[in-house]
Amino acid sequence: MENTETQNTANKFLLPVLGVVVIGILGFTLLGSKKTPDTVAPESSPATSTQPAVTTETTTSSDTAYKNGTYSVVGDYTSPGGQEELGVTLTIVDGIITDSEVEVLATRPISKERQVDFADNYKTQVVGKNIADLQLGKISGSSLTPKGFNDALEKIKTEAQS
Amino acid sequence: MSSFHQSFEAIGSSWTIDIYDSVTANDADALLDTIYTKIEMFDKTYSRFRSDSLVTKLSQNKGKYLLPPDSIALLKLYQQLYEITDEQFTPLIGSVLTEAGYDINYSLQPKQLHPPLCWQDSFEYFYDTCEIVIKKPTLLDFGAAGKGYLVDILSNVIREYGYTSFCVDGSGDMYYSNVKNEPLTVGMEHPDNTDQAIGVATILNQSICGSATNRRAWQDFHHVINPHTLSSPTHIKAVWVIASTALLADALTTCLFFTSAETLSSQFSFEYAIVNSNNTLEKSLHFPGEFF
(Lines give C-alpha, C1' and ligand atoms only; values in the text may rest on other atoms or scores of the structure.)
Protein backbone atom coordinates (compact mmCIF):
# COMPACT_ATOMS: atom_id res chain seq x y z
CA MET A 1 0.00 0.00 0.00
CA GLU A 2 1.25 3.49 -0.75
CA ASN A 3 1.97 6.29 1.65
CA THR A 4 3.22 9.76 0.93
CA GLU A 5 5.43 11.72 3.25
CA THR A 6 2.50 13.97 4.10
CA GLN A 7 0.45 10.96 5.00
CA ASN A 8 3.16 9.61 7.30
CA THR A 9 3.22 12.91 9.16
CA ALA A 10 -0.54 12.95 9.40
CA ASN A 11 -0.61 9.35 10.51
CA LYS A 12 1.88 10.00 13.30
CA PHE A 13 -0.62 12.25 15.05
CA LEU A 14 -3.91 11.09 13.74
CA LEU A 15 -3.75 7.32 13.86
CA PRO A 16 -3.23 7.23 17.60
CA VAL A 17 -6.19 9.61 17.89
CA LEU A 18 -8.25 7.28 15.74
CA GLY A 19 -7.13 4.38 17.86
CA VAL A 20 -7.94 6.08 21.15
CA VAL A 21 -11.27 7.27 19.86
CA VAL A 22 -12.16 3.80 18.62
CA ILE A 23 -11.28 2.26 21.96
CA GLY A 24 -13.26 5.02 23.62
CA ILE A 25 -16.33 4.32 21.53
CA LEU A 26 -16.10 0.59 22.09
CA GLY A 27 -15.51 1.09 25.80
CA PHE A 28 -18.57 3.28 25.95
CA THR A 29 -20.72 0.54 24.48
CA LEU A 30 -19.30 -2.23 26.63
CA LEU A 31 -22.04 -3.85 28.67
CA GLY A 32 -19.90 -5.55 31.24
CA SER A 33 -18.89 -8.56 29.20
CA LYS A 34 -15.94 -10.54 30.53
CA LYS A 35 -14.92 -12.00 27.18
CA THR A 36 -11.30 -11.63 26.08
CA PRO A 37 -11.13 -9.18 23.22
CA ASP A 38 -9.26 -9.96 20.02
CA THR A 39 -7.02 -7.37 18.50
CA VAL A 40 -7.96 -6.88 14.89
CA ALA A 41 -7.45 -4.02 12.53
CA PRO A 42 -10.66 -2.62 11.04
CA GLU A 43 -11.16 -3.27 7.32
CA SER A 44 -10.28 0.33 6.63
CA SER A 45 -6.92 0.66 8.37
CA PRO A 46 -3.93 1.82 6.35
CA ALA A 47 -0.58 0.09 6.55
CA THR A 48 1.77 2.35 8.44
CA SER A 49 4.33 1.86 11.14
CA THR A 50 2.05 3.22 13.83
CA GLN A 51 -0.95 0.93 13.68
CA PRO A 52 -3.34 1.66 16.50
CA ALA A 53 -4.56 -1.21 18.59
CA VAL A 54 -8.23 -1.57 17.93
CA THR A 55 -10.03 -3.96 20.15
CA THR A 56 -13.26 -5.47 19.03
CA GLU A 57 -15.17 -8.59 19.77
CA THR A 58 -15.96 -10.95 16.96
CA THR A 59 -18.73 -12.82 18.69
CA THR A 60 -22.20 -12.82 17.21
CA SER A 61 -24.00 -14.19 20.23
CA SER A 62 -27.02 -12.41 21.57
CA ASP A 63 -25.19 -10.94 24.57
CA THR A 64 -22.48 -9.34 22.38
CA ALA A 65 -20.81 -6.48 24.20
CA TYR A 66 -21.07 -4.04 21.33
CA LYS A 67 -24.53 -3.07 20.20
CA ASN A 68 -24.96 -2.76 16.47
CA GLY A 69 -25.10 0.83 15.44
CA THR A 70 -23.29 3.97 14.45
CA TYR A 71 -21.21 5.83 17.01
CA SER A 72 -19.62 9.25 16.80
CA VAL A 73 -17.00 10.74 19.08
CA VAL A 74 -14.62 13.67 18.90
CA GLY A 75 -11.02 12.96 19.81
CA ASP A 76 -8.38 15.56 20.50
CA TYR A 77 -4.63 15.68 20.12
CA THR A 78 -1.83 18.15 20.41
CA SER A 79 -0.26 19.11 17.10
CA PRO A 80 2.97 21.13 16.93
CA GLY A 81 0.67 24.15 16.60
CA GLY A 82 -1.59 23.32 19.49
CA GLN A 83 -4.75 21.46 20.41
CA GLU A 84 -6.84 20.08 17.54
CA GLU A 85 -9.91 17.86 17.26
CA LEU A 86 -10.87 15.03 14.91
CA GLY A 87 -14.35 13.55 14.59
CA VAL A 88 -14.70 9.80 14.16
CA THR A 89 -17.83 7.85 13.31
CA LEU A 90 -17.87 4.06 13.37
CA THR A 91 -20.50 1.58 12.26
CA ILE A 92 -20.47 -1.65 14.23
CA VAL A 93 -22.23 -4.80 13.08
CA ASP A 94 -21.96 -8.01 15.11
CA GLY A 95 -18.94 -6.69 16.94
CA ILE A 96 -16.99 -5.71 13.87
CA ILE A 97 -16.29 -2.23 12.57
CA THR A 98 -17.85 -2.29 9.11
CA ASP A 99 -17.51 1.35 8.18
CA SER A 100 -15.75 4.43 9.42
CA GLU A 101 -15.70 8.11 8.68
CA VAL A 102 -13.53 10.92 9.94
CA GLU A 103 -14.60 14.54 10.20
CA VAL A 104 -12.10 17.32 9.74
CA LEU A 105 -12.41 19.60 12.78
CA ALA A 106 -8.98 21.21 12.69
CA THR A 107 -8.80 24.97 13.04
CA ARG A 108 -5.21 25.66 11.96
CA PRO A 109 -4.51 25.60 8.21
CA ILE A 110 -1.69 23.06 8.35
CA SER A 111 -3.62 20.77 10.69
CA LYS A 112 -6.64 21.07 8.43
CA GLU A 113 -4.55 20.09 5.44
CA ARG A 114 -3.15 17.10 7.31
CA GLN A 115 -6.62 16.03 8.48
CA VAL A 116 -8.10 16.31 4.98
CA ASP A 117 -5.24 14.25 3.59
CA PHE A 118 -5.73 11.71 6.36
CA ALA A 119 -9.49 11.54 5.76
CA ASP A 120 -8.96 10.97 2.06
CA ASN A 121 -6.34 8.30 2.42
CA TYR A 122 -6.55 6.39 5.71
CA LYS A 123 -8.73 3.70 4.22
CA THR A 124 -7.18 0.87 2.27
CA GLN A 125 -5.86 2.00 -1.08
CA VAL A 126 -6.01 -0.27 -4.08
CA VAL A 127 -2.74 -1.51 -5.52
CA GLY A 128 -2.33 -3.14 -8.92
CA LYS A 129 -0.42 -6.24 -9.97
CA ASN A 130 0.27 -7.15 -13.57
CA ILE A 131 -2.32 -9.56 -14.87
CA ALA A 132 0.36 -11.33 -16.89
CA ASP A 133 2.05 -12.35 -13.63
CA LEU A 134 -1.11 -13.74 -12.05
CA GLN A 135 -2.79 -17.11 -12.54
CA LEU A 136 -6.32 -16.04 -13.20
CA GLY A 137 -9.31 -17.92 -14.54
CA LYS A 138 -11.05 -14.78 -15.70
CA ILE A 139 -11.00 -10.97 -15.52
CA SER A 140 -13.86 -8.73 -14.52
CA GLY A 141 -14.02 -4.99 -15.01
CA SER A 142 -15.88 -2.59 -17.26
CA SER A 143 -17.22 -4.26 -20.39
CA LEU A 144 -15.15 -4.21 -23.53
CA THR A 145 -16.62 -1.75 -25.98
CA PRO A 146 -17.64 -2.64 -29.54
CA LYS A 147 -15.81 -1.31 -32.56
CA GLY A 148 -18.51 1.28 -33.18
CA PHE A 149 -18.01 2.83 -29.76
CA ASN A 150 -14.22 2.74 -29.98
CA ASP A 151 -14.32 4.35 -33.40
CA ALA A 152 -16.55 7.12 -32.04
CA LEU A 153 -14.14 7.70 -29.15
CA GLU A 154 -11.20 7.96 -31.53
CA LYS A 155 -13.14 10.41 -33.66
CA ILE A 156 -13.90 12.81 -30.82
CA LYS A 157 -10.33 12.57 -29.57
CA THR A 158 -9.08 13.57 -33.00
CA GLU A 159 -11.57 16.41 -33.19
CA ALA A 160 -10.57 17.62 -29.73
CA GLN A 161 -6.93 17.75 -30.80
CA SER A 162 -7.58 19.70 -33.99
CA MET B 1 -9.55 -26.76 -20.04
CA SER B 2 -13.00 -26.73 -21.48
CA SER B 3 -14.31 -29.04 -24.16
CA PHE B 4 -16.61 -26.33 -25.50
CA HIS B 5 -15.08 -22.89 -25.92
CA GLN B 6 -16.77 -20.21 -28.01
CA SER B 7 -16.03 -16.52 -28.27
CA PHE B 8 -18.23 -14.08 -30.16
CA GLU B 9 -19.58 -10.54 -30.22
CA ALA B 10 -23.10 -9.90 -28.96
CA ILE B 11 -25.16 -6.99 -27.61
CA GLY B 12 -22.29 -4.59 -27.93
CA SER B 13 -19.59 -6.59 -26.22
CA SER B 14 -17.35 -9.67 -26.31
CA TRP B 15 -18.54 -13.00 -24.95
CA THR B 16 -16.89 -16.30 -24.10
CA ILE B 17 -18.72 -19.47 -23.20
CA ASP B 18 -16.87 -22.41 -21.71
CA ILE B 19 -18.35 -25.78 -20.85
CA TYR B 20 -16.14 -28.06 -18.75
CA ASP B 21 -18.24 -31.22 -19.13
CA SER B 22 -17.67 -33.35 -22.24
CA VAL B 23 -19.75 -31.91 -25.03
CA THR B 24 -20.53 -34.07 -28.05
CA ALA B 25 -20.05 -32.59 -31.52
CA ASN B 26 -23.78 -32.80 -32.20
CA ASP B 27 -24.64 -31.09 -28.97
CA ALA B 28 -22.03 -28.41 -29.62
CA ASP B 29 -23.69 -27.44 -32.91
CA ALA B 30 -27.23 -27.51 -31.54
CA LEU B 31 -26.18 -25.65 -28.40
CA LEU B 32 -24.48 -22.88 -30.36
CA ASP B 33 -27.53 -22.60 -32.56
CA THR B 34 -29.83 -22.21 -29.57
CA ILE B 35 -27.48 -19.69 -27.97
CA TYR B 36 -27.36 -17.48 -31.07
CA THR B 37 -31.14 -17.69 -31.44
CA LYS B 38 -31.71 -16.67 -27.83
CA ILE B 39 -29.28 -13.77 -28.20
CA GLU B 40 -31.02 -12.53 -31.34
CA MET B 41 -34.46 -12.75 -29.68
CA PHE B 42 -33.15 -10.87 -26.66
CA ASP B 43 -31.46 -8.20 -28.73
CA LYS B 44 -34.48 -7.72 -31.00
CA THR B 45 -36.70 -7.19 -27.96
CA TYR B 46 -34.66 -5.09 -25.56
CA SER B 47 -31.98 -3.26 -27.54
CA ARG B 48 -32.30 0.48 -27.98
CA PHE B 49 -29.49 0.32 -30.53
CA ARG B 50 -31.59 -1.34 -33.26
CA SER B 51 -34.20 0.45 -35.31
CA ASP B 52 -36.12 -2.85 -35.68
CA SER B 53 -36.35 -3.66 -31.95
CA LEU B 54 -39.46 -3.71 -29.78
CA VAL B 55 -37.91 -1.10 -27.47
CA THR B 56 -37.52 1.23 -30.45
CA LYS B 57 -41.16 0.61 -31.40
CA LEU B 58 -42.25 1.34 -27.81
CA SER B 59 -40.47 4.69 -28.03
CA GLN B 60 -42.52 5.77 -31.04
CA ASN B 61 -46.21 5.15 -30.36
CA LYS B 62 -48.67 4.88 -27.50
CA GLY B 63 -50.51 1.60 -27.20
CA LYS B 64 -50.50 -1.90 -25.82
CA TYR B 65 -47.66 -4.27 -26.70
CA LEU B 66 -46.70 -7.78 -25.70
CA LEU B 67 -43.33 -8.51 -24.14
CA PRO B 68 -41.85 -12.03 -24.01
CA PRO B 69 -42.17 -14.14 -20.83
CA ASP B 70 -38.60 -13.37 -19.79
CA SER B 71 -39.72 -9.76 -19.28
CA ILE B 72 -41.33 -10.72 -15.97
CA ALA B 73 -38.13 -11.20 -13.97
CA LEU B 74 -36.48 -8.23 -15.65
CA LEU B 75 -39.30 -5.75 -15.04
CA LYS B 76 -39.87 -7.04 -11.53
CA LEU B 77 -36.26 -6.36 -10.55
CA TYR B 78 -36.27 -3.00 -12.30
CA GLN B 79 -39.36 -2.01 -10.33
CA GLN B 80 -37.87 -3.07 -6.99
CA LEU B 81 -34.63 -1.24 -7.69
CA TYR B 82 -36.45 1.82 -9.02
CA GLU B 83 -38.13 2.09 -5.63
CA ILE B 84 -35.18 1.29 -3.39
CA THR B 85 -32.83 3.71 -5.21
CA ASP B 86 -35.33 6.55 -5.02
CA GLU B 87 -35.93 6.28 -8.79
CA GLN B 88 -32.26 6.76 -9.67
CA PHE B 89 -32.03 3.26 -11.17
CA THR B 90 -34.61 3.53 -13.91
CA PRO B 91 -35.47 2.00 -17.29
CA LEU B 92 -36.47 5.50 -18.36
CA ILE B 93 -32.78 6.52 -18.56
CA GLY B 94 -32.70 5.74 -22.30
CA SER B 95 -33.66 9.29 -23.31
CA VAL B 96 -31.00 10.78 -21.03
CA LEU B 97 -28.25 8.48 -22.33
CA THR B 98 -29.25 9.41 -25.86
CA GLU B 99 -29.16 13.14 -25.12
CA ALA B 100 -25.74 12.66 -23.51
CA GLY B 101 -24.51 11.19 -26.77
CA TYR B 102 -24.65 7.46 -26.00
CA ASP B 103 -27.17 7.08 -28.79
CA ILE B 104 -27.93 4.61 -31.54
CA ASN B 105 -25.10 6.06 -33.65
CA TYR B 106 -22.61 6.45 -30.77
CA SER B 107 -22.38 10.14 -31.62
CA LEU B 108 -20.91 10.84 -28.15
CA GLN B 109 -21.90 14.46 -28.68
CA PRO B 110 -23.84 15.66 -25.61
CA LYS B 111 -26.90 17.81 -26.16
CA GLN B 112 -29.14 19.44 -23.57
CA LEU B 113 -30.18 16.83 -21.00
CA HIS B 114 -33.71 16.63 -19.65
CA PRO B 115 -34.99 14.69 -16.65
CA PRO B 116 -36.60 11.42 -17.70
CA LEU B 117 -40.25 10.65 -17.20
CA CYS B 118 -41.23 8.81 -14.07
CA TRP B 119 -42.25 5.19 -14.50
CA GLN B 120 -46.00 5.53 -13.97
CA ASP B 121 -46.28 8.46 -16.36
CA SER B 122 -44.52 6.56 -19.12
CA PHE B 123 -45.85 3.02 -19.04
CA GLU B 124 -47.61 0.30 -17.14
CA TYR B 125 -46.46 -3.32 -17.23
CA PHE B 126 -48.73 -6.21 -16.33
CA TYR B 127 -46.92 -9.18 -14.78
CA ASP B 128 -49.73 -11.68 -15.39
CA THR B 129 -50.01 -11.06 -19.13
CA CYS B 130 -46.58 -9.52 -19.99
CA GLU B 131 -48.41 -6.66 -21.64
CA ILE B 132 -46.92 -3.22 -21.57
CA VAL B 133 -49.13 -0.17 -22.05
CA ILE B 134 -47.20 2.83 -23.33
CA LYS B 135 -48.83 6.02 -22.15
CA LYS B 136 -46.06 8.44 -23.14
CA PRO B 137 -43.60 6.97 -25.64
CA THR B 138 -40.00 7.28 -24.51
CA LEU B 139 -36.82 5.34 -25.13
CA LEU B 140 -36.43 2.66 -22.51
CA ASP B 141 -33.00 1.29 -21.65
CA PHE B 142 -32.37 -2.03 -19.95
CA GLY B 143 -28.60 -1.85 -20.28
CA ALA B 144 -27.99 -1.73 -16.54
CA ALA B 145 -29.19 -5.31 -16.11
CA GLY B 146 -29.68 -6.63 -19.62
CA LYS B 147 -26.28 -8.20 -20.05
CA GLY B 148 -26.51 -9.93 -16.70
CA TYR B 149 -29.93 -11.22 -17.61
CA LEU B 150 -28.67 -12.59 -20.90
CA VAL B 151 -25.86 -14.34 -19.01
CA ASP B 152 -28.53 -16.07 -16.90
CA ILE B 153 -30.64 -16.92 -19.96
CA LEU B 154 -27.68 -18.53 -21.73
CA SER B 155 -26.71 -20.34 -18.53
CA ASN B 156 -30.20 -21.84 -18.49
CA VAL B 157 -29.81 -22.96 -22.10
CA ILE B 158 -26.62 -24.81 -21.16
CA ARG B 159 -28.34 -26.43 -18.19
CA GLU B 160 -31.26 -27.50 -20.39
CA TYR B 161 -28.78 -29.41 -22.53
CA GLY B 162 -27.74 -31.24 -19.37
CA TYR B 163 -24.42 -29.53 -18.68
CA THR B 164 -23.65 -28.36 -15.18
CA SER B 165 -20.06 -27.12 -15.22
CA PHE B 166 -19.64 -24.02 -17.34
CA CYS B 167 -18.88 -20.33 -17.44
CA VAL B 168 -20.88 -17.76 -19.41
CA ASP B 169 -18.77 -14.61 -19.58
CA GLY B 170 -20.24 -11.46 -21.10
CA SER B 171 -17.07 -9.37 -20.95
CA GLY B 172 -16.54 -9.50 -17.21
CA ASP B 173 -20.18 -10.08 -16.23
CA MET B 174 -20.30 -13.79 -15.74
CA TYR B 175 -21.92 -16.82 -14.18
CA TYR B 176 -19.83 -19.83 -13.18
CA SER B 177 -21.12 -23.25 -12.24
CA ASN B 178 -19.05 -26.30 -11.34
CA VAL B 179 -20.38 -29.57 -9.94
CA LYS B 180 -16.89 -30.56 -8.82
CA ASN B 181 -17.00 -27.46 -6.60
CA GLU B 182 -13.80 -26.04 -8.05
CA PRO B 183 -13.99 -22.27 -7.61
CA LEU B 184 -13.11 -19.79 -10.32
CA THR B 185 -10.48 -17.12 -9.70
CA VAL B 186 -11.51 -13.81 -11.21
CA GLY B 187 -9.08 -10.94 -11.38
CA MET B 188 -10.59 -7.55 -10.66
CA GLU B 189 -9.26 -5.22 -13.30
CA HIS B 190 -7.59 -2.02 -12.10
CA PRO B 191 -9.84 0.81 -13.31
CA ASP B 192 -6.80 3.01 -14.05
CA ASN B 193 -4.64 0.36 -15.72
CA THR B 194 -6.22 -2.51 -17.61
CA ASP B 195 -2.94 -4.47 -17.63
CA GLN B 196 -3.35 -4.85 -13.90
CA ALA B 197 -5.69 -6.35 -11.36
CA ILE B 198 -6.26 -4.98 -7.87
CA GLY B 199 -7.25 -8.29 -6.42
CA VAL B 200 -8.73 -11.72 -7.05
CA ALA B 201 -12.29 -12.77 -6.32
CA THR B 202 -13.32 -16.41 -6.00
CA ILE B 203 -16.73 -17.55 -7.15
CA LEU B 204 -18.55 -20.86 -7.33
CA ASN B 205 -22.13 -21.33 -8.58
CA GLN B 206 -22.49 -17.57 -8.53
CA SER B 207 -22.22 -14.54 -10.70
CA ILE B 208 -19.70 -11.75 -10.52
CA CYS B 209 -20.38 -8.57 -12.43
CA GLY B 210 -18.08 -5.60 -12.76
CA SER B 211 -18.68 -2.02 -13.71
CA ALA B 212 -16.15 0.78 -14.08
CA THR B 213 -16.00 4.24 -15.53
CA ASN B 214 -12.91 3.79 -17.66
CA ARG B 215 -14.14 2.41 -20.98
CA ARG B 216 -17.58 3.79 -21.84
CA ALA B 217 -16.59 7.37 -21.05
CA TRP B 218 -16.75 10.52 -23.15
CA GLN B 219 -16.65 14.25 -22.35
CA ASP B 220 -17.99 14.52 -18.77
CA PHE B 221 -20.03 11.35 -19.01
CA HIS B 222 -19.72 7.61 -18.59
CA HIS B 223 -22.28 4.89 -19.06
CA VAL B 224 -23.98 5.55 -15.71
CA ILE B 225 -25.98 8.77 -15.54
CA ASN B 226 -27.91 9.93 -12.50
CA PRO B 227 -31.41 10.98 -13.63
CA HIS B 228 -31.69 13.48 -10.77
CA THR B 229 -28.42 15.31 -11.34
CA LEU B 230 -28.27 14.59 -15.10
CA SER B 231 -24.57 13.89 -14.67
CA SER B 232 -22.39 10.82 -14.29
CA PRO B 233 -21.34 10.00 -10.72
CA THR B 234 -17.70 10.88 -10.08
CA HIS B 235 -17.16 9.40 -6.62
CA ILE B 236 -16.76 5.79 -7.76
CA LYS B 237 -14.31 4.30 -10.28
CA ALA B 238 -15.19 0.61 -10.17
CA VAL B 239 -17.72 -1.74 -8.60
CA TRP B 240 -18.00 -5.52 -8.37
CA VAL B 241 -20.99 -7.44 -7.12
CA ILE B 242 -21.23 -11.16 -6.43
CA ALA B 243 -24.74 -12.61 -6.25
CA SER B 244 -26.66 -15.77 -7.02
CA THR B 245 -27.77 -14.50 -10.45
CA ALA B 246 -26.06 -12.32 -13.03
CA LEU B 247 -29.27 -10.31 -13.45
CA LEU B 248 -29.06 -9.19 -9.84
CA ALA B 249 -25.28 -8.73 -9.75
CA ASP B 250 -25.30 -6.65 -12.93
CA ALA B 251 -28.16 -4.43 -11.77
CA LEU B 252 -26.60 -3.88 -8.36
CA THR B 253 -23.28 -2.70 -9.82
CA THR B 254 -25.22 0.24 -11.24
CA CYS B 255 -27.32 0.74 -8.10
CA LEU B 256 -24.18 1.10 -5.99
CA PHE B 257 -23.34 4.29 -7.90
CA PHE B 258 -26.54 5.75 -6.46
CA THR B 259 -27.43 4.02 -3.24
CA SER B 260 -25.51 2.63 -0.30
CA ALA B 261 -24.78 -1.07 0.00
CA GLU B 262 -26.44 -0.90 3.39
CA THR B 263 -29.75 0.19 1.90
CA LEU B 264 -29.58 -2.33 -0.93
CA SER B 265 -28.72 -5.21 1.39
CA SER B 266 -31.94 -4.64 3.30
CA GLN B 267 -33.67 -6.27 0.34
CA PHE B 268 -31.00 -8.19 -1.59
CA SER B 269 -28.32 -10.68 -0.74
CA PHE B 270 -24.93 -9.88 -2.31
CA GLU B 271 -21.26 -9.16 -1.73
CA TYR B 272 -19.57 -6.10 -3.18
CA ALA B 273 -16.32 -4.22 -3.62
CA ILE B 274 -16.08 -0.56 -4.58
CA VAL B 275 -13.08 1.47 -5.67
CA ASN B 276 -13.72 5.11 -4.88
CA SER B 277 -12.37 7.94 -7.00
CA ASN B 278 -9.56 8.51 -4.48
CA ASN B 279 -8.49 4.87 -4.90
CA THR B 280 -9.76 3.76 -1.51
CA LEU B 281 -11.46 0.41 -1.31
CA GLU B 282 -14.72 -0.49 0.35
CA LYS B 283 -16.06 -3.99 0.45
CA SER B 284 -18.63 -6.14 2.13
CA LEU B 285 -17.53 -8.05 5.18
CA HIS B 286 -17.61 -11.45 3.51
CA PHE B 287 -16.51 -10.51 0.00
CA PRO B 288 -14.85 -13.69 -1.28
CA GLY B 289 -11.62 -12.26 -2.51
CA GLU B 290 -8.25 -10.81 -1.68
CA PHE B 291 -6.92 -7.40 -2.54
CA PHE B 292 -3.25 -6.71 -3.07
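Fair warning: this is a prediction, and the values are worked out from it, not measured in the lab. In what follows, chains are A, B, ... by sequence order, proteins preceding strands, each numbered from 1. All values below were derived from every heavy atom in this structure, side-chain atoms included, with hydrogens, water molecules and symmetry-related copies excluded.
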Is [X] reaching over with its side chain to a backbone N or O of [Y], donor-acceptor style, under 3.5 angstrom?
| X | Y | value |
| --- | --- | --- |
| B:S13 | A:L144 | yes |
| A:T124 | B:L281 | no |
| B:R215 | A:S142 | yes |
| A:S140 | B:G172 | yes |

Name the region of [X], side chain, backbone, both or neither, that has any atom closer than 4.5 Å to a heavy atom of chain A.
| X | answer |
| --- | --- |
| B:T253 | neither |
| B:C209 | backbone |
| B:A201 | neither |
| B:A197 | both |
| B:I198 | both |
| B:Y176 | neither |

Looking only at heavy atoms, which two atoms of [X] and [Y] are closest? And how far apart?
| X | Y | answer |
| --- | --- | --- |
| A:S143 | B:K147 | OG-NZ, 2.8 Å |
| B:G12 | A:P146 | O-CD, 3.1 Å |
| B:V275 | A:V126 | CG2-CG1, 3.9 Å |

Practice task
For each of B:M188, B:R216, B:E189, tally heavy-atom pairs with chain A at distances under 4.5 Å, and name the one with the top tally.
Solution key: B:R216
Around [X], counting heavy atoms of other residues, nucleotides and ligands shown, do more than 12 lie under 6.0 Å from its [atom1]?
| X | atom1 | value |
| --- | --- | --- |
| A:E101 | CD | no |
| B:E40 | CD | yes |
| A:Q135 | CD | no |
| B:D52 | CG | yes |
| B:I104 | CD1 | yes |

Handout entry: Region of A:L153 that comes under 4.5 Å of a non-hydrogen atom in chain B
Key = both
Completion exercise
Applying a strict 4.5 Å limit to non-hydrogen atoms, the region of A:L134 in contact with chain B is side chain
Practice task
Show your working on side chain to side chain contact (heavy atoms under 4.5 Å, CB included) between B:V186 and A:I139 and close with a plain yes or no.
Solution key: CA-CA 5 Å; B:V186 182; A:I139 302 284; 5.9 Å; no
Exercise for the section: Report yes or no: do B:T185 and A:K138 form a side-chain donor-acceptor pair below 3.5 Å? Expected result: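 Side chains of B:T185 and A:K138: no pair found under 3.5 Å.
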Practice task
Could you tell me whether the side chains of B:N279 and A:Q125 share a donor-acceptor contact shorter than 3.5 Å?
Solution key: no
Handout entry: Gap separating the CZ atom of B:F49 from the CZ atom of A:F149, nearest 0.5 angstrom
Key =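 Separation between the atoms: 8.5 Å.
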Problem - Value rounded to 0.5 Å, distance of CD in B:E262 from OG1 in A:T91 - result: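 B:E262 atom CD to A:T91 atom OG1 measures 6.5 Å (nearest 0.5 Å).
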Practice task
Show your working on side chain to side chain contact (heavy atoms under 4.5 Å, CB included) between B:Y106 and A:D151 and close with a plain yes or no.
Solution key: CA-CA 9 Å; B:Y106 295 141; A:D151 289 350; over 6 Å; no
Practice task
Walk me through it: do B:Q109 and A:I156 pass the test side chain to side chain contact (heavy atoms under 4.5 Å, CB included)?
Solution key: CA-CA 8 Å; B:Q109 306 284 350; A:I156 59 176; 3.6 Å; yes
